[in-house]
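All heavy atoms count here, side chains included; hydrogens, waters and symmetry mates do not.
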Amino acid sequence: MYQFYYADPADSEVPHYQKNIAEVFRIDAVRPTMWEEHCLECSAPLCFQTCTQFEARADGRCKRFYNGIRVRREERGCCGQAARVRFRPWGNMMTIVYPAMLSVSDYQVMTDKNQALGNRLRRVVESPAPVKFRWGMIRGTEYLRRRRLRGMKAEDSAVDAFIFHGYSFEKQPFHLILEVYRENQPVFRSSLSLAPGENLLALDKGQLSPECWRSNNLIKIYPENDLEADVEILWCDFVKGTPVTAEKPAAKVKCVVWDLDNTLWDGTLIESEPELLQLRPGVRELIQALDERGFLQSIASKNDYDAAWPVVERLGLAEYFLYPQIHWNAKSASIQQIARDLNIGVDTFALLDDSVFEREQVRSALPQVRCYDIPELATLLERPEFSVMVTEESRHRRQMYRAEAKRRSVMAEDHDDTISFLQKCHLQAEVFEPKTEKELLRCYELLTRTNQLNMSGVKYSREEFNQALLRDGYQAFAFSCGDDFGDYGIVGFGQYCKQQDKLILREFAMSCRVAGKFVESALFSSLLEREECLQGEMCLIKTKKNVLLRNTLGQIGFSVETESEEKLSLRFTKELLHRNLVKVVYRV
């Protein structure tokens, strides 16, 4: 369900879809969502007067999507709907996690009711009534709707997958970030790699966390690094159900799985000295040719991993194999696991194995998998299932999947705090002096836009900001952040001077999108070390909105030297809480 009633009546291109979710996943139940238009840096309504990105919506609130959320009928979409969204900077789609899991038919009934309610709210949006009246009517109705959704009686049960089906109008691939918050703390983060055109992706339960279905958590979806991405969404939902298994091989192979003994190399590991094993003739050339054509490759071998993998590394082939399965389980189970890890259909797999027994075991369990004997390898690339168009993207497909492996979701864990979660994200901050017009504009936006994590609260004009950068003896710095799932972009700006062994901060503002991730601890500790200072000082001006910054600094180890109604004088050392959780690097 979507907050579609703010959408502009703009014509939109209707993409051509070739895939259908029913062909790959049987959905039994859906967790209701109400995707609304929100901002990653929101501090409404104060920011309406200061934000350089502010553009008034029909109700006077901030417009975060170009043209709003435009909904149209589309039979392939969830409840027969498609939603077109073009993100403005800092825009995100957000929903509360509601408690029920509804059957598809019950969810259709709920969606129809929301459509009727939305049509009434659209008339309020378009009415000549005063803006304040329109906003009050809409927000009051939305509050009552949320209360009804929260009050649905249903078990807070787990989901089986997160399904995304949609179309990217962008010319380059990008990451769509999926983030979950509990009480303003980040507890889950993942990303969806969207290619230009149609995308159908699924994160299975093993790639999710219980936080994804914990009632009253917040879910945010937004493009990485403030990309103004243009997408149409058919499915963007947590569901219960099962993957659909194809009964016959697909037209084209996507992944080739290699056996090791007497297939990849001559001889068997268990009967040979590992250092004497050598590749079969032509194997290296075939692996490289498959890779250049964009075929993914992996391993399914009955061996001890600790003994076999070093041989693969010695032969110089380790980089070609994704999610290798080297153990004593059935090879059909290994292929299914590789398929889950790569998020592609089992029917697109091919097994290369010298053993008749292993090929027949796989054929029996997975008749949709092609199996080839050793004599067939010489003509493998001549077969129609291996005849594919080679593009620049296909040449780099393995690298894309390897990079995606690094972005794998934080596995299913219940986090009492965010530390283990953040450790798995591998968050890094890059500090640099802003020099380009784009960098300076972003820093100016942070100072004028950010209220909750802003030490001075001063709202500069652009001319005043330019003058502030020239303060004698002061060093300006900015920092960007990124993790295994995507880039945050430039998220902070500051200015300091050095007086003997003290670092004195004059300005500091940081984006809310990295709040609660101990970036401040790592940054301030690192700055002291870099400038060879024993301690730092900050004069924080109290505002109505920067309570979050005051609380955060106190929690990470800042001490209060003096305090009045208007300001706080703070001091800190390098010994800040979890200062090693975020890696800090400096741009040369």
- [ ] Tell me yes or no: between the side chains of S521 and H578, is some donor less than 3.5 Å from an acceptor?
- [x] no
TODO: Determine whether C236 and W35 make a side-chain contact, defined as any pair of heavy atoms from C-beta on separated by less than 4.5 Å.
DONE: yes
Open item on the list: Looking at E529, I want to see if its CD is surrounded by more than 12 non-hydrogen atoms of other residues, nucleotides or ligands under 6.0 Å.
Closed with: no
Task: Ring-face cation of R84 near F169 (centre distance under 6.0 Å, axis angle within 45°) - done: yes
TODO: Using a cut-off of 6.0 Å, state whether more than 12 heavy atoms not belonging to K252 lie near its atom NZ.
DONE: yes
Open item on the list: Looking at E247, I want to see if its CD is surrounded by more than 12 non-hydrogen atoms of other residues, nucleotides or ligands under 6.0 Å.
Closed with: no
TODO: Would you please test E211 and R214 for salt bridge (charged side-chain N to carboxylate O under 4.0 Å, His left out) and show each step?
DONE: CA-CA 5 Å; E211 299 293 351; R214 188 188 297 274; 2.9 Å; yes
Open item on the list: Surrounding CD of E285 (heavy atoms of other residues, nucleotides or ligands, distance under 6.0 Å), is the total greater than 12?
Closed with: yes
Open item on the list: Taking CG in L577 as the centre, count heavy atoms belonging to other residues, nucleotides or ligands within less than 6.0 Å. Is the count above 12?
Closed with: yes
Task: Atom pair OG1/CG of T263 and L279 - distance to nearest 0.5 Å - done: 12.0 Å
TODO: Would you please say whether a donor-acceptor pair under 3.5 Å links the side chains of W328 and D304?
DONE: yes
Task: Check: Q185/R182 side-chain N/O donor and acceptor closer than 3.5 Å - done: no
- [ ] Would you mind checking if E385 and R293 are paired as a salt bridge, meaning a charged N to carboxylate O distance below 4.0 Å?
- [x] no
Task: From CA spacing to verdict: side-chain hydrogen bond (donor to acceptor under 3.5 Å, both in side chains), N303, S301 - done: CA-CA 6 Å; N303 268 303; S301 172; 3.0 Å; yes
Open item on the list: Can you confirm whether more than 12 heavy atoms, excluding those of K254, are under 6.0 Å from its NZ atom?
Closed with: no
TODO: Say whether, by atom type as modelled, one donor and one acceptor occur between the side chain of R31 and the main chain of D237 under 3.5 angstrom.
DONE: no
Open item on the list: If I take atom CZ from residue F188 and atom OH from residue Y181, how far apart are they, to the nearest 0.5 angstrom?
Closed with: 13.0 Å
